[in-house]
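Residue numbers start at 1 and run along the sequence shown. The figures here come from the full heavy-atom set of this structure, side chains too, leaving out hydrogens, waters and symmetry mates.
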Amino acid sequence: MAPFVSDLVERARLTARAIADFGENLVRPTIRIGVTGLSRAGKTVFITALVHGLARGGRFPVFTPLADDTILRAYLAPQPDDAVPRFDYESHVRALVGDRVWPDSTRQISELRVVIEHKGKDGQARTLTLDIVDYPGEWLLDLPLLDKTYEQWAKESLALSRAGPRAMLAASWHAYNATLDPNAPADEQVAITAAQLYTDYLRSCREERWALSLLPPGRFLLPGDLAGSPALTFAPLALPAEAAPPEGSLWAMMKRRFDAYKDIVIRPFFRDHFARLDRQIVLVDVLAALNAGPAAVRDLEFALASILDCFQVGRRTLLSSLISPRVDRVLFAATKADHLHQVSHDRLEAILGRMIERAASRARYAGAETDVVALAAVRATREARVRSNGDELPAIVGVPAAGERAAGHLFDGEREIALFPGDLPADPERVFDVGRTGFQGLAAASPEDAEFRFLRFRPPRIERTVDGMPTLPHIRLDRVLQFLIGDRFQ
């Protein structure tokens, strides 16, 4: 009975919030856009570049409302939610333009409000408010836990940790777990050690060589102010089948803390932020998975399917807006497209499209629109042709970040190089093949032998316009804007 009552209370809260948002939208037309992506996908850079382009009148030829002067101006407005940190747009612009360093990664939820003044169909001035919500993709992967018991999660997590490269990375945690008796009395030090070893395993999975993506619970990697709290001090145990936890046992403690994690962390995020989104962009670092190898590509595919399953998608109606808001457009963007020559961009989009095809078809069936795009929110390279052994190759030119290595060279972050990044396969299936015909990544080879090796580049030196305002170069940021909000100006 308790879970049923709890679900009713949550549903009532969601409906009350939806009605309040609907009323505010009648007075001030607003779109809430969620921006998420797994670690190092480029969320901070994306939001900074998008807002900068809108506010500065960037070069967005595909975004028709700006290209045809429907948009009069765009500007930042005060933060709408008092309990949510403001996205630090100004500091991130300084980092990109002045210091030529990439801003710090997203570690918590933040928000930014942009007001767009535009001409309506009748020629009168109108406004459209964009509330941009930035949150870590790792938090999104927590949402499926709401429908699972501790026992289900523990069984699934243990099974996943024994597959592929995870088995080696989880060895220390597995060894400790084998010494534990779930029915033994609860012990705080045992719980702390188990949680730490489990967290170490998750962190190892995220390293560049492995680049694995399916790593819930998300707050274990991004604990914030919950670090050290009981709600983050639990781990999967090897449990006996069809049994119940004895009172006062280690099992009962882990189960209670898992339930607390759902109540304290996941449900408030879902209710206060996630369930209020109108449209969503999911940024995906496909190149990092390609660097690592087929196992990482497969893992990313499963993570993206899990992410899309979390969204309440479908066509928005008056009734759904009042009772159960839906995300009616979802865009998946393969970031860092500037690390490839444009001849491979279509292939990058094809690989991402293959990753999400099943989940995307379900979303389209529900009435939502989905799309994929190869994107560079801030373009760090330019294109060129180089000759090698008599052949002319498509290359990219840029400044590798300090500490990057390639072909025996250690880069200092100052010297510009021309690089042939390699060709992505014409058949997307090849990058999912873990057999002998598959490609070699860092997980199975040395950096020199890996088939793909995409370097990190520094932000570019920024051109300045006649009025002295910097313009951030990009790849297809205008296509992103057209998909996410272009219809609201028609």
Side-chain angles (χ1 to χ4, degrees), residues 31-37 41-71 74 96 112 114 116 118 128 130 132-134 277-287 304 307-308 311 313 327-357 360 363-364 368-383 396 424 428 460 463 471-490:
I31 301 179
R32 288 181 65 84
I33 298 176
V35 179
T36 195
K43 298 177 291 296
T44 303
V45 175
F46 170 80
I47 295 174
T48 303
L50 182 145
V51 173
H52 189 274
L54 283 173
R56 302 293 189 195
R59 300 167 183 169
F60 293 158
V62 176
F63 183 42
T64 53
L66 195 59
D68 65 11
D69 295 327
T70 296
I71 290 179
L96 285 169
L112 195 67
V114 180
I116 301 175
H118 64 97
L128 176 66
L130 303 184
I132 301 172
V133 183
D134 173 30
L277 298 176
D278 302 309
R279 292 177 179 179
Q280 175 73 50
I281 179 167
V282 181
L283 304 176
V284 187
D285 190 354
V286 177
L287 300 186
L304 292 176
I307 284 174
L308 196 48
F311 293 113
V313 296
V327 173
D328 61 358
R329 293 193 177 199
V330 184
L331 180 64
F332 287 86
T335 58
K336 306 174 186 176
D338 55 333
H339 290 40
L340 292 166
H341 194 277
Q342 63 176 336
V343 296
S344 285
H345 289 182
D346 287 347
R347 295 181 178 185
L348 182 60
E349 289 185 4
I351 291 171
L352 180 56
R354 161 64 178 78
M355 284 181 178
I356 66 162
E357 62 183 357
R364 288 191 293 268
E369 293 186 44
T370 65
D371 200 1
V372 297
V373 63
L375 162 77
V378 174
R379 182 174 189 162
T381 67
R382 64 185 190 277
E383 294 178 348
I396 56 174
L424 296 183
E463 301 174 9
T471 299
L472 295 173
H474 66 88
I475 298 175
R476 300 185 188 90
L477 194 56
D478 47 350
R479 181 174 151 190
V480 170
L481 280 167
Q482 184 65 25
F483 178 83
L484 290 175
I485 63 173
D487 63 307
R488 295 297 296 266
F489 299 92
Q490 295 171 1

Can you list the residues that meet the ring-ring contact (aromatic ring centres under 6.0 Å, His included) rule with [X], with sequence neighbours excluded?
| X | result |
| --- | --- |
| H118 | F489 |
| F60 | H474 |
| H345 | none |

Quick one: list whatever passes side chain to side chain contact (heavy atoms under 4.5 Å, CB included) with P460, sequence neighbours left out. V378, A380, I462, P473

Would you please name every residue forming a side chain to side chain donor-acceptor pair (under 3.5 Å) with [X], sequence neighbours left out?
| X | result |
| --- | --- |
| T70 | D68 |
| E383 | Q342 |
| K43 | none |
| R479 | E349 |

Rounded to the nearest 0.5 Å, how far apart are [atom1] of [X] and [atom2] of [Y]?
| X | Y | atom1 | atom2 | answer |
| --- | --- | --- | --- | --- |
| L331 | Q280 | CG | CD | 9.5 Å |
| L477 | F46 | CG | CZ | 6.0 Å |
| L484 | L50 | CG | CG | 8.0 Å |
| I351 | I356 | CD1 | CD1 | 13.0 Å |
| L424 | L340 | CG | CG | 5.0 Å |
| I116 | I71 | CD1 | CD1 | 5.0 Å |

Determine the minimum heavy-atom distance between [X] and [Y], stating which atoms define it.
| X | Y | value |
| --- | --- | --- |
| P65 | G486 | CG-O, 4.3 Å |
| R279 | I485 | NH1-CA, 4.0 Å |
| L66 | G58 | CD2-O, 3.9 Å |
| A377 | A49 | O-CB, 3.3 Å |
| L54 | A74 | O-CB, 3.7 Å |

Would you call R488 and D278 a salt bridge, taking side-chain N to carboxylate O under 4.0 Å as the test? no

For residues 330-340, which residue pairs pass the salt bridge (charged side-chain N to carboxylate O under 4.0 Å, His left out) check, not counting sequence neighbours? D285-K336

Verdict with reasoning, M355 to V286, per side-chain contact (heavy atoms from CB on, under 4.5 Å): CA-CA 10 Å; M355 284 181 178; V286 177; 4.2 Å; yes

Ignoring hydrogens and geometry, is there a side-chain-to-backbone donor-acceptor pair from T335 to A41 under 3.5 Å? yes

Throw together a table of side-chain donor-acceptor distances under 3.5 angstrom for residues 368-375, partners on residues two or more places apart or in other chains.
| from | atom 1 | to | atom 2 | distance (Å) |
| --- | --- | --- | --- | --- |
| E369 | OE2 | R329 | NH2 | 3.3 |
| T370 | OG1 | R364 | NH1 | 2.9 |

Please identify each residue that fulfils salt bridge (charged side-chain N to carboxylate O under 4.0 Å, His left out) with R354, with sequence neighbours left out. E301, E357, E429

Test side-chain contact (heavy atoms from CB on, under 4.5 Å) on L112 and D134 and set out the steps. CA-CA 8 Å; L112 195 67; D134 173 30; over 6 Å; no

